[in-house]
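All remarks here apply to the structure that follows.
Sequence lines set the chain letters: A, B, ... in the order given, protein chains first and strands last, and positions in each chain run from 1.
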Amino acid sequence: MPELPEVETIRRQLEPRIRGARIERLEVLDPRWTRPAEPREVESQVSGRTIEALRRRGKYLLLDLEGGTTLIMHLRMTGNLILLEEGAQVVAVDEDEPGADDRYLRARFDLGDGRELRFSDPRRFGEAFLLPSAGVDARFEGRVGIEPLSGELTVEAIEALAAGRRAPLKSFLLDQAGIAGVGNIYADEALWRAELHPLSPAGSMRSEHAEALWEGVIGALRAGLEGGGASIGDYLDSRGERGSMQDEFLVHRREGEPCPRCGQEIRRIVVSGRSTYFCPGCQVRLRRRPRRKGRGRPVS
DNA sequence: AGGTCGGCCTGGCAGC
DNA sequence: TGCTGCCAGGCCGACC
């Protein structure tokens, strides 16, 4: 499941290799990929243009093209973006790996120099759409929030986002409009690192909790990046290789195993429809913060 | 208004 | 063995 570390890994690998390349032709093989736009429409706007940059915003990849157009792509659950070098097969990948499998090919960018950039996606949730580059910020406004690794995410920013919110911390972290790029895996990891219970209301955090969460989010994402992303299911980097982060998870998908910190058994619950792994021993459940009126009630 | 939930998809796997 | 049915979850829109 590509989240920020996986998408950023792909971006970092691809950017230096495709910047300046000319897309001879884009071929869209699955009309779902561009829906509701017609594939032809997108093909004609992309074909013949030079790639100026590959950026990332949250879990979106932004392919900036000459002439002020940006092709925005999202891998969703199972998408892969793989660069095939001249005349090459996907190296180091089994034939049945999704990235190497033509069955799942949704779009191909012919770079004209023998190389090909491929978007494949078994589950077809992935998408792409075009925007004038100047309109990208407006499109993301209110939907894609603070970039966690940009320096804009501070303890104060977390406190401001969480203030008054009764939603569980897990839902709070999954909300892309708040902090961008955190998905199910890294939300669990961040909460474990912060020693916070996923069901604690976001607004119940005090400063020390917000600080712990800040460290947890950044620590979990950095660890993911260092591992080259996590390969659960279909994730492959731009070379068609699997990341190693899945072996580094501290709680995610470790139900029944001992907590690496306190030894208690890791449990799985469902929070807003998503599998959530946590340690009941050391992840503290915060109570709803009493509203300050006069002296307030003593907390037991 | 803010939170929750179903739909979109398909592969993989548990269970019969 | 082969089938059924459930699970995975990012994001959006419908709903409460």
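Between the CZ atom of Arg35(A) and the P atom of dC12(C) there is a distance of 14 Å, rounded to whole Å. Note: CG (Leu173(A)) to C1' (dC11(C)) measures 17 Å, nearest angstrom. For Leu169(A) and dT4(B), the CG to P distance is 12 Å, given to the nearest whole Å. Taking atom CZ on Arg103(A) and atom P on dG11(B), their separation rounds to 6 Å, with Å as the unit. Across the protein-nucleic acid pair, Met73(A) atom CE and dC11(C) atom C1' stand 18 Å apart, rounded to whole Å. Atom pair Leu61(A):CG and dG10(C):C1' shows a separation of 14 Å (rounding to whole Å applied). Rounded to whole Å, atom C1' of dG10(C) lies 12 Å from atom CD1 of Ile185(A). The CZ-C1' distance, from Phe129(A) to dG10(C), rounds to 13 Å in whole Å.
Contact annotation: Arg76(A) side-chain N/O to dC11(C) OP1/OP2 distance is not under 4.0 Å. Taking side-chain N and O atoms only, Arg143(A) has a distance below 4.0 Å to OP1 or OP2 of dC12(C). Not one side-chain nitrogen or oxygen of His74(A) sits closer than 4.0 Å to the OP1 or OP2 atom of dG10(C). Residue Thr78(A) places none of its side-chain N or O atoms closer than 4.0 Å to OP1 or OP2 of dA8(C). For Tyr60(A), no side-chain nitrogen or oxygen approaches OP1 or OP2 of dG10(C) to under 4.0 Å. Between Gln176(A) and dC11(C) there is a side-chain polar atom (N or O) within less than 4.0 angstrom of OP1 or OP2. Within the structure, a side-chain polar atom (N or O) of Arg268(A) is placed less than 4.0 Å from OP1 or OP2 of dA8(C). Of the side-chain N and O atoms in Arg165(A), one or more sit less than 4.0 angstrom from OP1 or OP2 of dG3(B).
The side-chain tip of Arg261(A) points at the ring of Trp192(A) from less than 6.0 angstrom away and within 45° of straight on.
Note on Asp175(A) versus Arg143(A): no salt bridge recorded, every NZ/NE/NH1/NH2 to OD/OE distance being 4.0 Å or above. A salt bridge does not link Arg76(A) to Asp121(A): none of the charged side-chain nitrogens sits closer than 4.0 Å to a carboxylate oxygen.
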Exercise for review: Take Thr70(A) and Asp64(A) through the test side chain to side chain donor-acceptor pair (under 3.5 Å) and record every step on the way to the result.
Suggested key: CA-CA 4 Å; Thr70(A) 298; Asp64(A) 290 325; 2.7 Å; yes
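In this structure, Pro168(A) reaches the sugar-phosphate backbone alone: every heavy-atom distance under 4.0 Å involves primed, P, OP1 or OP2 atoms, never a base. Arg124(A) comes within contact range of the sugar-phosphate backbone alone, with a heavy-atom separation under 4.0 Å but no base atom that close.
In the set dC11(C), dA8(C), dT4(B), dC11(C) carries the atom at the smallest distance from any side-chain atom of Arg274(A). When the nucleotides dC12(C), dG11(B), dA8(C) are ranked by their closest atom to the side chain of Tyr104(A), dG11(B) comes out on top.
More than 12 heavy atoms of other shown residues, nucleotides or ligands fall within 6.0 angstrom of atom CZ in Arg56(A).
Remark: ring of Phe125(A) not stacked against base of dC11(C); the cut-offs of centroid gap under 5.5 Å and plane tilt under 30° are not jointly satisfied.
The residue from Glu3(A), Arg274(A), Lys170(A) that alone fulfils the side-chain hydrogen bond (donor to acceptor under 3.5 Å, both in side chains) condition with Asn184(A) is Lys170(A).
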